[in-house]
Every structure is written in C-alpha cells, then in structure tokens.
Amino acid sequence: MSSPDKAVILSAGFGYRLDPITRLIPKPLLPFWNEPVLNRTIRTLSSWGVRDILINLHYLPNQIVRSARNTSAACGTRLAFSFEPVIAGTGGALRHAAWFLSDKPFWLVNADIVMDVPRDPFLKCLQRHRPVAVLWMTSRSGPRTVIMRNGIVQAFHGGNPDNPWSYTFCGLHLLTPAIMEHVPGTESSSIIDAYKAALRSGRLVYGIDPQNAFWADLGTPDDYRTAHTGYSRWLKITAREQTADMKLRHLRTMYPGVSFSGSCAVAPSARISPGAYINDSIVMTDVTLGSGCHLSNAIILPGVQLNAPSSQIVMLPGQIEHDLPAIIRTHLHWPEDHCQAEPLPPRGSARSFVPLRHGRRSVIFLSY
C-alpha cells in the first residue's frame, strides 16, 4: 500500500511534569541534540511521504508555529493548525481535525516523543490485517500497562512489567478513517477511549514492536536528560558508533581545553571557557560557562551565565517567575542578569523552593 500523505501532531499540552523548563520552552520544542523534537518529527514524517501535517495548539502556540513553519518549508510539507481554547485531549483533538482528514489512513503522533523507527512494518501490518489502528508498542521500557497477544491489543490497562504480554504504548499511531466512528462526541476525550470503543464493537487494534527502534518519552526533566544518553547508547548498539563518537570529537574540536564525557548536547551558540568540565549534560543556546563550571547530569537553559559546579536545572530567575528579577534587585541588590536559579524538585506540597545564586552568595526563594 502507498504511504499515508497526512499526519496529525499533538502539541497542545502544558508539559507540567517538565516544570520549570516548560515555563520557557513548550515541550514540543525541547531541543534533542540541538534540534526541537517537533522539528525532528516533521522531518521524519516528511521522509515517510507525508505532505500535509496538522498541529494542534494551546500552550505557547506562537513559538510552536514559528518553529514548525521553518522546518516545514525546508521539508516541502504543508502545515495546518488547530488552536484549542480549551485543551480537548487526544481524542478531542482528532475530532477537531476531522475536516483535515480524508478517506485514507493517516499518522497520529505525540509531539513529546523522540522516535527513530522504521515506517514499513506499520504499513505491512495495516495491509495484512486491516485493523482500525496500528500502534507502536515496546516491551523493553515504560510502564507496560497494555496487554497484547500475537500483535492484537486486548486491553489498555492491567499489564505490568512482570507480565510477558505487557507493552508500553509509544505515542505513534497509524489510523484508518474508521477510527472516527469511535471517537467520543464529548468536548474532551482520550484517543484510548476510541480504541476501547472499537474493541467493544469487534474491531481489531494491532500493535507492533520493532526491535531496532528507539523511543523516549520526554515526560520529566530526568527523562529528557537520559533520553540523550539512551540515544547515544542506541546508536552504538545499532552499529552507528561513528555517529555517536563524532559528537564528542566535534565538541572537543570546537572547545579546546574543555573536558567532555558521556552524552553532551551543547548548542553551537554556547560559550565555554577552557578548564570547564561537562558530563552527561544539556547546554542550550546563548549559555556562557566559565572555567570553574563543572556540570554533571545538568540542564542549562538559554542565556545562563555560570561559573560553578551544578548537577541540576539552571535557568535565569525571570524564567522561573516574571517578577523574580524585581525581587532580586529590590531585596538582594544583585544584578539579575548575573544570577542563576536552580529550582528544586517538587516536595509534595504547594510550595516550591528555588536556590538563587550570585557568585558565591546564595539564598532560597520560597513560593506558595
């Protein structure tokens, strides 16, 4: 069968679990090896023969539109956008996209996944078994709540990592137009509701688990960071050592005197002084790192100037809360453009704790 020429990318979510990173960057635009995940997905779909892509929007939509348009123009794909004043869920987003779809199969992709997966197994499964949907599954990671036997999905709940028939749904769908018969008519719904309704009506939902595929769900800051490490490891396992090793060799050439180890994703606009050390960290655009900067498992957001060790998220105070720079000026008399904020993980209460640093001085900002 011919490859689908239409796709829907789900990009409306807030990305709460990635807070505070997503206060500045919408989750679909998180850079993965210096390329926004959404742009990477558009390039993949274009290589699969997709020519028309619809992206649903809600949170920080202007950033998403600008980035997607640039990549789409380079790939030769056409874009449409569906803005949701109230987030409609994955099922509601698809119902709102009904005008965009045709009588042919189409792709549906979550914008917060990193995928490197072959297209043809999905097409072959759809052609051979004629299910209402073919879903990407993995048995090697994730919560593994989906129960699937011989490629046929039996339930979307009840599985666990100890059950050999349990799988994790990876967020890539190949759908037939028949799925629209099962999407709830409510304002908000999940696409899983549509799959459950299809199963109850006797329709088949298939899943495939390609062995040489890479998948990462960028759900939390730790997931985001370890996805880079996992991808480097996957490149080596799949006999692409040259690609993985070239990244470190390139960094050492670009930044002589700087020590790199592990998986280091460093934006080309970053400025790093000799003597700095970076291990398994993400350094975004326009960051300045001094010789005293030793990073390990850190995520450094755009514009930060840092000259101290760190192993967590570092961002500018104004990226945490818009009035924080004024508080720093008024109460601490620090120049806010030379301060760093290192938000601590949630503590299970309505309070958040943010260490603020300026040189060797530090305070903790407590927000209710």
Side-chain angles (χ1 to χ4, degrees), residues 4-19 21-32 35-46 48 50-73 75 77-115 132-133 135-136 169-195 197 217-219:
D5 61 0
K6 290 196 173 188
V8 176
I9 303 178
L10 302 170
S11 301
F14 288 99
Y16 283 127
R17 290 187 299 151
L18 275 158
D19 186 77
I21 299 173
T22 43
R23 299 187 192 188
L24 177 68
I25 306 170
K27 186 159 64 168
L29 298 188
L30 283 177
F32 183 74
E35 179 181 24
V37 174
L38 176 63
N39 299 22
R40 193 175 188 276
T41 299
I42 292 173
R43 285 197 302 105
T44 296
L45 292 171
S46 175
W48 288 358
V50 172
R51 292 294 168 260
D52 292 283
I53 298 174
L54 181 139
I55 301 174
N56 77 324
L57 304 167
H58 178 80
Y59 178 62
L60 299 178
N62 291 341
Q63 290 189 41
I64 295 174
V65 169
R66 285 194 298 269
S67 185
R69 279 179 171 167
N70 291 337
T71 300
S72 178
C75 292
T77 56
R78 292 174 295 201
L79 289 181
F81 297 97
S82 174
F83 180 76
E84 299 175 8
V86 177
I87 292 181
T90 52
L94 193 57
R95 182 170 54 81
H96 290 171
W99 63 270
F100 169 79
L101 305 174
S102 65
D103 59 353
K104 298 178 181 179
F106 61 97
W107 300 102
L108 179 67
V109 191
N110 294 1
D112 58 354
I113 63 169
V114 176
M115 63 178 188
V132 70
L135 310 180
W136 181 14
F169 173 46
C170 297
L172 173 66
H173 328 231
L174 176 58
L175 302 176
T176 66
I179 192 61
M180 301 303 291
E181 302 169 15
H182 306 285
V183 175
T186 55
E187 180 62 27
S188 177
S189 68
S190 167
I191 188 65
I192 302 301
D193 297 331
Y195 293 147
D217 172 29
L218 307 183

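K104 is not listed as a side-chain neighbour of K6, based on a closest heavy-atom distance of 4.5 Å or more. Here the side chains of T22 and L24 are not in contact, with every heavy-atom distance at 4.5 Å or above. Using a 4.5 Å cut-off on side-chain heavy atoms (C-beta onward), I55 and L79 make contact. With a 4.5 Å cut-off on side-chain heavy atoms, K27 and Y16 do not count as touching.
I179 CD1 to L94 CG: the interatomic distance, rounded to the nearest 0.5 Å, is 7.5 Å. We find the NE2-CG distance between H182 and D193 to be 13.0 Å, quoted to the nearest 0.5 Å. Note that OG1 of T71 and CG of L45 are 12.0 Å apart. Values are rounded to the nearest 0.5 Å.
In terms of modelled atom types and a separation under 3.5 Å, the side chain of T41 and the main chain of V37 share a donor-acceptor contact. A donor-acceptor contact shorter than 3.5 Å links the side chain of N56 to the backbone of S11. Although no hydrogens or angles enter the test, the distance criterion places a donor-acceptor pair under 3.5 Å between the side chain of T176 and the main chain of V132. Here the side chain of R95 pairs a donor or acceptor atom with the backbone of T186 at under 3.5 angstrom.
Ring centers of H173 and F169: under 6.0 Å apart, within the cut-off.
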Requested in this report: Evaluate the side-chain contact (heavy atoms from CB on, under 4.5 Å) criterion for residues I64 and L60: first the C-alpha distance (whole Å), next the side-chain angles of each, then the deciding distance (0.1 Å), finally the verdict.
Outcome: CA-CA 7 Å; I64 295 174; L60 299 178; 5.6 Å; no
Requested in this report: Using the side-chain contact (heavy atoms from CB on, under 4.5 Å) rule, take I21 and L30 through it: C-alpha gap first, then chi angles, then the decisive distance, then the call.
Outcome: CA-CA 9 Å; I21 299 173; L30 283 177; 3.6 Å; yes
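Summarising the geometry of S46 relative to C75, their closest heavy-atom pair is OG-O, 3.4 Å, with the distance given to 0.1 Å. The two residues L54 and S82 come nearest to each other via the heavy atoms CD2-CB, 4.0 Å. Nearest heavy atom pair, residue R40 against residue M115, reads NH1-O, 2.9 Å.
Using a 30° and 60° split on the angle between ring planes, F14 and H58 fall in the perpendicular class, above 60°.
For the 3.5 Å distance criterion, the side chains of T77 and S72 qualify, holding a donor opposite an acceptor.
Salt bridge status for D52 with R78: present, with a side-chain N to carboxylate O gap under 4.0 Å.
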